[in-house]
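Since the structure comes first, as structure tokens, the remarks are kept for the end.
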Amino acid sequence: MEVTASIEKERKTNLWGGGTSPLKASYGKIMMWFFLLSDAFTFSGLLITYGFLRYSYPAYTGPVSAFKPSAEYWPIPEKIFDAVPFLHGVHLPLLFVGIMTFILILSSVTMVLAVEAGQRMDRKDVTKWMLWTIVGGVAFLGCQAWEWSHFITGTEEGMALSNGIIVHGANLQINEYGPPLFASLFFFITGFHGTHVASGILLNVIIFYNVVVGTYDKRGHYEMVEKVGLYWHFVDLVWVFVFTFFYLI
Amino acid sequence: MEQVVAVEVKPVDKKKVKKLWKIALILGIVTLIEFVMAFTLPRGYLLYAGFIGLTIVKAFYIVSEFMHLKHEAKALIWSILLPTIFVIWLIIALLAEGGSILNALY
């Protein structure tokens with residue numbers, strides 16, 4: 001009797017003494033958070049590598065309007081990413097990547113609305129918002145596919161190298177936009193993010209299927225929607241940083 | 001035979017949904033401001049600092065509200081935020097390193 005009483009007392013006074021849940025979250029959610037933390041380190045590593053390599057190349061010093069791509073200095077992104085589908089040859093700097101950013105932000109909002117509906121056990125609303133989230137993810141991935149194909153194909157003018165050879169587009173050895181490493185970093189960073197979007201869509205589709213067949217109604221809660229929601233918001237968060245460091249600065 | 005599960009559906013929390021759309025609007029407006037800044041202000045470290053500041057504003061809203069971290073237990077908040085200190089160290093170290101390489105080569 002006395003022992004039980006002292007255990008009870010210990011439980012009330014010591015948060016980490018056992019028998020309680022100090023982080024007040026389920027195991028799965030905490031593990032998703034720590035996975036995302038480790039993933040954040042991976043993306044930080046990639047983006048900081050971009051900064052490191054950019055700092056080890058000379059910056060373009062002339063006026064922005066007179067900018068011409070060269071392998072001698074690091075390019076100004078708004079002069080490189082200026083194409084929009086169906087508007088061939090029109091100089092619209094950063095417009096397309098801006099549209100992509102809005103698509104991803106919107107799909108993040110629909111995801112958080114799905115989580116909200118899940119907390120209310122409203123299967124119909126979860127179905128609707130999960131579907132919109134998947135649509136947003138697929139739209140973003142489609143935009144990125146176009147962006148990549150345009151980047152790889154390049155422009156008609158191309159860029160003349162110091163030995164007179166004119167290069168069009170980009171690959172891992174050479175590109176018409178700047179130093180070879182610029183294209184490598186573009187492929188690696190946006191590619192790694194795109195891979196995350198793709199696996200996020202896959203997870204969303206699996207959860208969407210479970211929602212539709214009523215798995216979570218039987219289980220009594222929609223916590224799986226919250227867990228994939230965390231992952232999906234993280235993908236959006238990473239894009240916010242990629243947008244700033246790759247396209248704006 | 002399909003098992004019928006009785007589920008009690010709660011009504012929409014209008015206040016909460018409105019708040020979520022408000023945050024989405026803030027994220028959109030901040031992105032628009034970044035856009036305007038990119039084409040009106042001269043390129044330089046002041047502009048870059050502005051971009052990074054606005055990026056952190058956006059990151060704060062996504063992590064705190066969309067990912068709900070602001071409303072979790074204190075211990076969970078700190079165990080996610082504190083480890084990112086190492087990222088700050090890596091930024092400083094590698095940017096200094098990159099500058100040294102530039103000086104050595106050019």
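Chain A is the first sequence line, chain B the second, and so forth, proteins listed ahead of strands; every chain is numbered from 1.
Using a 4.5 Å cut-off between heavy atoms, A:Tyr57 contacts chain B through both its backbone and its side chain. Contact annotation for B:Tyr48: both backbone and side-chain heavy atoms come within less than 4.5 Å of a heavy atom of chain A. Residue A:Leu47: no heavy atom, backbone or side chain, is found under 4.5 Å from chain B. Contacts of B:Tyr45 with chain A are made by side-chain atoms alone, with heavy-atom separations under 4.5 Å and no backbone atom involved. Heavy-atom distances place the side chain of B:Thr31, and not its backbone, under 4.5 Å from chain A. Looking at A:Pro77, only its side chain comes within 4.5 Å of chain B, counting heavy atoms on both sides. Of the atoms belonging to B:Pro11, it is backbone heavy atoms, and not side-chain ones, that fall under 4.5 Å from chain A.
When all heavy atoms are compared, the tightest approach of B:Ala24 to A:Ile105 is O-CG2, 4.5 Å.
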Might you work through the side chain to side chain contact (heavy atoms under 4.5 Å, CB included) test for B:Leu94 and A:Tyr55, ending with a clear yes or no? CA-CA 9 Å; B:Leu94 279 195; A:Tyr55 259 57; over 6 Å; no
Would you please test B:Ile52 and A:Ile249 for side chain to side chain contact (heavy atoms under 4.5 Å, CB included) and show each step? CA-CA 9 Å; B:Ile52 291 167; A:Ile249 291 187; 4.1 Å; yes
Working for side chain to side chain contact (heavy atoms under 4.5 Å, CB included), residues B:Ile80 and A:Leu36: CA-CA 9 Å; B:Ile80 299 300; A:Leu36 293 181; over 6 Å; no
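Residues A:Met111 and B:Phe66 form no side-chain contact, since every pair of their non-hydrogen atoms from C-beta on lies 4.5 Å or further apart.
By number of non-hydrogen pairs under 4.5 angstrom with chain A, the leading residue of B:Leu105, B:Leu102, B:Leu27 is B:Leu102. Among the candidates A:Leu248, A:Asp122, A:Leu113, the residue making the largest number of heavy-atom pairs closer than 4.5 Å to chain B is A:Leu248. Counting heavy-atom pairs closer than 4.5 Å to chain B, the top residue among A:Ser44, A:Gly229, A:Pro58, A:Gly98 is A:Pro58.
Classification of B:Lys19 and A:Glu116 as a salt-bridged pair fails, no side-chain N sitting under 4.0 Å from a carboxylate O.
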